[in-house]
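First the structure, in the form of structure tokens, and then the observations on it.
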Amino acid sequence: QILKMRKQQLKRLKMQDKNIQKIIHDFKEGVADGLFNGNRNEKMNGKHYYKQGYDFGIYLYCEKIDDVEEIKEVKDAR
């Protein structure tokens, strides 16, 4: 009976791990699309973690643009 319980626990942990890996994958896909492409992948657009990643990627892109503009202003001021 203990062995059966352990097998069930292991099965649940494997399913949780699979779900976590899928969440991470979707988030990373969204970040890459937001940061490098600037366009949402319509196939992924309905996924919650993809959308969060995309928003974060857009944020990072905007921060990068702001940094580049600040560097240009400093160079132009010289």
Side-chain angles (χ1 to χ4, degrees):
Q1 183 153 356
I2 292 175
L3 183 59
K4 186 177 180 178
M5 285 176 28
R6 294 289 182 197
K7 285 182 179 182
Q8 289 173 344
Q9 288 174 338
L10 182 59
K11 187 176 179 180
R12 278 195 300 271
L13 287 174
K14 285 181 180 180
M15 288 298 293
Q16 287 174 347
D17 184 57
K18 187 176 180 180
N19 290 337
I20 290 169
Q21 292 301 319
K22 181 66 176 149
I23 288 168
I24 291 169
H25 175 266
D26 291 351
F27 184 82
K28 287 170 41 178
E29 286 289 317
V31 171
D33 287 346
L35 182 57
F36 300 120
N37 300 332
N39 296 316
R40 287 188 175 180
N41 180 340
E42 292 302 319
K43 293 178 183 175
M44 297 287 285
N45 200 27
K47 298 185 177 187
H48 176 75
Y49 293 102
Y50 173 83
K51 288 180 179 179
Q52 285 188 331
Y54 180 81
D55 290 345
F56 185 62
I58 292 293
Y59 167 78
L60 293 175
Y61 179 79
C62 292
E63 288 294 308
K64 181 176 74 168
I65 294 299
D66 289 345
D67 290 346
V68 169
E69 289 176 358
E70 287 178 22
I71 291 169
K72 285 181 182 177
E73 289 173 6
V74 169
K75 285 184 179 179
D76 291 343
R78 290 183 184 173

Which distance, rounded to the nearest 0.5 Å, do you find between the NZ of K64 and the OH of Y59? 14.0 Å
Is a donor on one side and an acceptor on the other found under 3.5 Å between the side chain of Y54 and the backbone of G38? yes
Got a second to check how far M44's CE is from D33's CG, nearest 0.5 Å? 8.0 Å
Once rounded to the nearest 0.5 Å, what's the spacing between atom CD of Q9 and atom CD1 of I2? 10.5 Å
Do I58 and L60 sit in the same hydrophobic cluster, where Ile, Leu, Val, Met, Phe, Trp and Tyr count as joined when their side-chain heavy atoms come under 4.5 Å apart? no
Assess whether atom NZ of K22 is packed by more than 12 heavy atoms of other residues, nucleotides or ligands within 6.0 Å. yes
Against L10, only a single residue in Q8, R12, K14, R6 fulfils side chain to side chain contact (heavy atoms under 4.5 Å, CB included); can you say which? K14
In Å, rounded to the nearest 0.5 Å, how long is the span from CD of E63 to CD1 of I65? 11.0 Å
To the nearest 0.5 Å, tell me how far Q52 CD sits from I23 CD1. 9.5 Å
Given 3.5 Å as the limit, does a donor-acceptor pair link the side chain of Y50 with the main chain of N41, or not? yes
Honestly curious: do F56 and I24 fall in one hydrophobic cluster under the side-chain, below-4.5 Å linking rule? no
Decide, yes or no, whether a salt bridge links D55 with R40 under the criterion of side-chain N to carboxylate O below 4.0 Å. yes
Whether N37 side chain and N39 backbone form a donor-acceptor pair below 3.5 Å: no
